[in-house]
Q: 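Sharing a structure here in structure tokens format.
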Amino acid sequence: MKSAVIVFPGSNCDRDMAMALELATGRVPEMIWHREAELPDGLDIIAIPGGFSYGDYLRSGAMAAQSPVMRAVVRAAGRGVSVLGVCNGFQVLTEVGLLPGVLMRNAGINFVCRDVSLSVANSQSIFTSRYEQDELLTIPVAHHDGNYFADRATLDRLEGEGRVAFRYQEQVNGSVNDIAGILNAEGNVLGMMPHPERMIEAAHGGTDGLRLFEGLVGRVLA
Amino acid sequence: MKMRVHVTLKNGVLDPQGKAIHHALEGLGFSGVNSVRQGKLIELDLDDSVTEAAVEDMCRKLLANTVIENFRIERA
């Protein structure tokens, strides 16, 4: 089980993500700098961590989406490698076109940093198989631009195809349909604003996030 | 040659920053402001060989997110 964490200038959740992957896979992930044009051979999981890549200049995730490493990530995703983008990573995945829609400024303008309640909207994906359908989770958010928006046709497709993975149970950032995380059509790419890698040990206040990584590892191995 | 790219949110897309500016203007006592929309101005200093079509390509690929934003190119 080989995993990698992509590191951009301004990433700040990369080491948390690496800890979560190490705990779940039993192996230290490779840290890949944004200027790399190629990824190591044989990767099973690629994680794009939270932070403020390139200072969030222009738009959150817009610069990172144009970096050499992301072209390699898009190719890997096309080959079926599992790709998880959290927070800024979710923004990068929408900007690069692996996921539809866009993350806009929070409707309340303020940066939101607290635990939120999420429901599992689809427990059938490779990322969510350790959760029960509609199970309530507690996972922290920490973001300024988490207001998910997509046009009506895109939303209908996401909802109709069961591609909403997680939904907020409370008003957090103005996201349309309370969307907190979505899957690509093939199901091997997940983007979510809440931070599962910050809920992997009891000392964090819970382990609801760890099951995402454990489930992903289990399904990728299967 | 200089070109300016104006990036604005599409109609109907919520603009919380514009709303905040609107409230601040009202707080200052300015009346009659119906609404405020905030955008971006990006100024490009270009060789003469760069075509407007190339600038449009820049806008579509990076400068604007056309899911929510419109752009307008103007020769400065």
Q: Which heavy-atom pair separates B/L62 from A/A62 by the least distance, and what is that distance?
A: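 The answer is CD1-O, 3.7 Å.
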Q: Hey, does the side chain of A/Q66 reach the backbone of B/K61 with a donor-acceptor pair shorter than 3.5 angstrom?
A: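 The answer is yes, because a donor-acceptor pair under 3.5 Å joins these two groups.
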Q: How would you list, in number order, the residues of residues 38-55 of chain B that have a heavy atom less than 4.5 Å from chain A?
A: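 B/K40, B/I42 fall under the 4.5 Å cut-off.
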Q: Using a 6.0 Å cut-off, check whether atom CZ of A/R15 has over 12 heavy atoms from anything other than its own residue.
A: no
Q: If I measure from the heavy atoms of chain B, does A/N106 come under 4.5 Å with its side chain, its backbone, both, or neither?
A: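 Backbone only.
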Q: Residues two or more places apart in sequence or in another chain: which of them pass side-chain contact (heavy atoms from CB on, under 4.5 Å) with A/S60?
A: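 In terms of side-chain contact (heavy atoms from CB on, under 4.5 Å), with neighbours along the sequence ignored, A/S60 is linked to A/D56, A/N88, A/Q91, A/D145.
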Q: Between A/F149 and B/V13, what is the shortest heavy-atom contact and its length?
A: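 What the structure gives for the nearest pair is CZ-CG2, 4.2 Å.
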Q: Do A/R105 side-chain atoms and B/L14 backbone N/O form a donor-acceptor pair below 3.5 Å?
A: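 Not confirmed, A/R105 side chain does not pair with B/L14 backbone.
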Q: How long is the span from the CG atom in A/L58 to the CG atom in B/N65, to the nearest 0.5 Å?
A: 9.5 Å
Q: If you measure from CG on B/L9 to CE on A/M104, what distance do you get to the nearest 0.5 Å?
A: 7.0 Å
Q: What are the two closest heavy atoms between A/R59 and B/L63, and how far apart are they?
A: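 Distance-wise, the nearest heavy atoms are NH1-O, 3.1 Å.
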Q: Between A/A107 and B/P16, what is the shortest heavy-atom contact and its length?
A: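 Closest heavy-atom pair between A/A107 and B/P16: O-CB, 3.6 Å.
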Q: For the CZ atom on A/R114, are there more than 12 heavy atoms of other groups (residues, nucleotides or ligands in this structure) within a distance under 6.0 Å?
A: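 Enclosed: over 12 neighbouring heavy atoms sit under 6.0 Å from CZ of A/R114.
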Q: Flag yes if more than 12 heavy atoms outside A/F111 fall under 6.0 Å of its CZ atom; otherwise flag no.
A: yes
